[in-house]
Amino acid sequence: MGIAIESTLDTAPLIIGGREFRSRLMVGTGKYASNADMIRAIEASGAEVVTVAVRRVDLSRANEEGILHHLDPGQFFLLANTAGCYSADEAIRYARLARAAGFNEWVKLEVIGDQETLLPDTTGLLEATRTLAAEGFKVMAYTNDDLISALRLEEAGAVAVMPLASPIGSGLGMLNPYAIRTIKQRLGVPVIVDAGVGTASDACIVMEQGVDGILMNTGIAAASDPLRMATAMRHAVEAGRLAYLAGRMPRREVAVPSSPLTGMLDG
């Protein structure tokens, strides 16, 4: 029985830019009450990829108060991000600063276009993606849930495209499943949904669309109990992935009995 169950599980790694990852859940490092709480939650999430905002952290590992002092690059794959950048030039500058400070060549690229909604500036995002990809960066580009923008980012050299489920920090869950499914169906690079996941059921529904993974931060960090929520998110991502691979039953507008109608007693 054990072998039969194991054979149904998703054991395929997530491959981005030629690198394999076992976990399809990626997490951020902001908004935790303490660095100790952050590490406990990240470990409970099972995430391998941990993203750090370049402009918001002390890049020196010697500072015990800094985030990087507590993140072991031998345990986690550290992904610098350009959160808070409002132009292509600014995002490019911070990506280069991260690499010069000892990060790898990977970057989660954000170019924000509006302070109220934090929606991306896709023109600036494309410009920064082209520049950084030409310089050897492996760009994971945060964008909106628009297919055309996603296709252009792939053409520009992004190794992964990261459409939002809903605005950053909103916890609204996925607003447009059709858009997310369409992006996944049309792109050749991995699709990692980024932003808007508020609780475990949101994560499960996102993964059921067939995407390759989820990146989240506030959904865990802002929970009343981040450790429990991180654990819940880990299981939800795995459950959603398995449900997608299993294939859901058809939806019907009429009831269908689940028990056979044969063998009933007469009269």
Side-chain angles (χ1 to χ4, degrees), residues 1-16 19-28 41-50 140 142-145 147 150 160-167 170-221 223 225-260:
M1 178 64 76
I3 294 175
I5 293 174
E6 183 67 25
S7 67
T8 67
L9 299 179
D10 177 24
T11 57
L14 168 60
I15 301 176
I16 304 175
R19 186 184 178 102
E20 293 188 3
F21 301 97
R22 304 304 306 180
S23 173
R24 293 176 182 272
L25 174 57
M26 306 176 185
V27 296
I42 292 173
E43 289 178 341
S45 76
E48 295 171 77
V49 177
V50 177
M140 300 174 65
Y142 163 72
T143 185
N144 55 34
D145 59 0
L147 172 63
V161 174
M162 309 180 75
L164 52 79
S166 54
S170 68
L172 291 172
M174 185 172 51
L175 298 181
N176 194 336
Y178 167 79
I180 296 296
R181 285 197 304 274
T182 302
I183 290 172
K184 173 55 190 171
Q185 291 164 3
R186 293 288 299 277
L187 266 64
V189 297
V191 174
I192 310 296
V193 168
D194 179 12
V197 172
T199 189
S201 57
D202 294 342
C204 193
I205 292 171
V206 167
M207 291 302 296
E208 287 175 355
Q209 310 311 309
V211 299
D212 300 281
I214 302 176
L215 191 151
M216 65 179 73
N217 180 69
T218 308
I220 295 175
D225 186 336
L227 187 62
R228 281 197 170 97
M229 185 58 81
T231 304
M233 292 294 193
R234 175 180 188 166
H235 292 303
V237 168
E238 293 173 353
R241 177 67 178 173
L242 286 173
Y244 166 72
L245 294 175
R248 65 160 294 133
M249 63 166 284
R251 289 184 171 89
R252 300 186 180 94
E253 294 186 358
V254 296
V256 178
S258 56
S259 299

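Excluded from the calculations below are hydrogen atoms, water molecules and symmetry mates; all remaining heavy atoms, backbone and side chain alike, are included. Positions are given from 1 along the sequence.
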K.L.:
If every non-hydrogen atom of A243 is compared with every non-hydrogen atom of E208, which pair is closest and at what distance?
P.N.:
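Shortest heavy-atom contact: CB-OE2, 3.8 Å.
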
K.L.:
Indicate the atoms forming the closest heavy-atom contact of P190 with I15, along with that distance.
P.N.:
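Looking at all heavy atoms of both residues, the shortest contact is CG-O, 3.2 Å.
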
K.L.:
If you compare all heavy atoms of G219 against all heavy atoms of M229, which two are closest, and at what distance to 0.1 Å?
P.N.:
O-CG, 3.3 Å

K.L.:
With a 4.5 Å heavy-atom cut-off, do M207 and L242 have their side chains touching?
P.N.:
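No, side chains not in contact.
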
K.L.:
Can a donor-acceptor pair be found, under 3.5 Å and without considering hydrogens, that links the side chain of S45 to the backbone of R234?
P.N.:
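Looks like no, no N/O pair under 3.5 Å.
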
K.L.:
Can you tell which of V193, D194, L25 makes a side-chain contact (heavy atoms from CB on, under 4.5 Å) with L215?
P.N.:
D194

K.L.:
Please report the C-alpha distance between E48 and S23 in whole Å, then the side-chain angles of each, then the deciding distance to 0.1 Å, and finally whether the side-chain contact (heavy atoms from CB on, under 4.5 Å) criterion is met.
P.N.:
CA-CA 6 Å; E48 295 171 77; S23 173; 3.8 Å; yes

K.L.:
Could you report the tightest heavy-atom contact between I180 and L164, atom names first, then the distance?
P.N.:
CD1-O, 3.8 Å

K.L.:
So, do M26 and M140 sit near enough that their side-chain heavy atoms are less than 4.5 Å apart?
P.N.:
yes

K.L.:
With heavy-atom distances below 4.5 Å as the criterion, would you say the side chains of T143 and V161 are in contact?
P.N.:
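Yes - at least one pair of side-chain heavy atoms lies under 4.5 Å apart.
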
K.L.:
Where is the tightest heavy-atom contact between I183 and A150, given as atom of each residue plus distance?
P.N.:
CG2-CB, 3.9 Å

K.L.:
Is any side-chain heavy atom of P177 less than 4.5 Å from a side-chain heavy atom of Q209?
P.N.:
yes

K.L.:
Under 4.5 Å between any side-chain heavy atoms of R24 and I214, yes or no?
P.N.:
no

K.L.:
I need the minimum non-hydrogen distance between N144 and P163, along with the two atoms involved.
P.N.:
O-CB, 3.6 Å

K.L.:
Should D145 and L175 count as side-chain neighbours, where that means a heavy-atom distance under 4.5 Å?
P.N.:
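Not touching, per the 4.5 Å side-chain cut-off.
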
K.L.:
For the atom pair SG (C204) and CZ (R241), what is the distance rounded to the nearest 0.5 Å?
P.N.:
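C204 SG to R241 CZ: 12.5 Å, rounded to 0.5 Å.
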
K.L.:
Using a 4.5 Å cut-off on heavy atoms from C-beta on, say whether the side chain of I192 contacts that of L14.
P.N.:
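Side-chain contact under 4.5 Å: yes.
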
